[in-house]
Participant: 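Pasting a structure here, questions to come.
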Amino acid sequence: MVEQTYRCTNCLAETVTRTFDVSHLSITCEGCGEFARFVNGAVYEQFREFEESPPEHLAWEKLSRAEKFLVSNGVVREGRSIEDFETGE
Ligand SMILES: [Zn+2]
């Protein structure tokens with residue numbers, strides 16, 4: 001059985017595992033107590049990569065955390081190119 005890890009987007013510390021693979025869960029975090037979005041581990045890894053080396057054509061640091069995860073999700077799970085995303089400047 002394959003387990004997928006999901007990470008709290010509020011505290012970025014708490015993780016849960018589930019035996020299904022979806023883009024995110026919305027559950028109450030046992031770490032920070034928030035009813036938070038938990039993103040797919042693969043999406044979180046992509047988010048970290050962008051944090052370390054932001055895509056040049058995006059004003060990455062100006063995006064909200066939710067927007068960053070939305071972009072990361074699009075790249076990882078929808079097969080979109082980072083070039084497809086614009087920050088609308
Ligand atoms: Zn949390």
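In listed order, ligands and their atoms are each counted from 1. We're numbering straight along the sequence, starting at 1.
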Participant: Just distance, no hydrogens or angles: give the donor-acceptor pairs under 3.5 Å from side chains in residues 39-55, sequence neighbours left out.
Facilitator:
from	atom 1	to	atom 2	distance (Å)
Asn40	OD1	Gln4	NE2	3.1
Asn40	OD1	Ala42	N	3.0
Asn40	ND2	Asp21	OD1	2.7
Asn40	ND2	Val22	O	2.8
Glu51	OE2	Trp60	NE1	2.7
Glu51	OE2	Lys68	NZ	3.0
Ser53	OG	Glu49	O	3.3

Participant: What residues, two or more places apart in sequence or in another chain, satisfy side chain to side chain contact (heavy atoms under 4.5 Å, CB included) together with Glu83?
Facilitator: His57, Ser81
Participant: Please enumerate all residues that pass side chain to side chain contact (heavy atoms under 4.5 Å, CB included) together with Thr28, with sequence neighbours excluded.
Facilitator: Phe35
Participant: Could you measure the distance from the CD1 atom of Ile27 to the CZ atom of Arg37? Nearest 0.5 Å is fine.
Facilitator: 12.5 Å
Participant: Quick check: is Leu63 connected to Leu70 through a chain of hydrophobic side chains (ILVMFWY, heavy atoms under 4.5 Å apart)?
Facilitator: no
Participant: Under a 4.5 Å side-chain heavy-atom rule over Ile, Leu, Val, Met, Phe, Trp and Tyr, are Phe69 and Phe38 clustered together?
Facilitator: no
Participant: Listing by chain and number, which protein N, O or S atoms are under 2.8 Å from the Zn ion (ligand 1)?
Facilitator: Cys8 SG, Cys11 SG, Cys29 SG, Cys32 SG
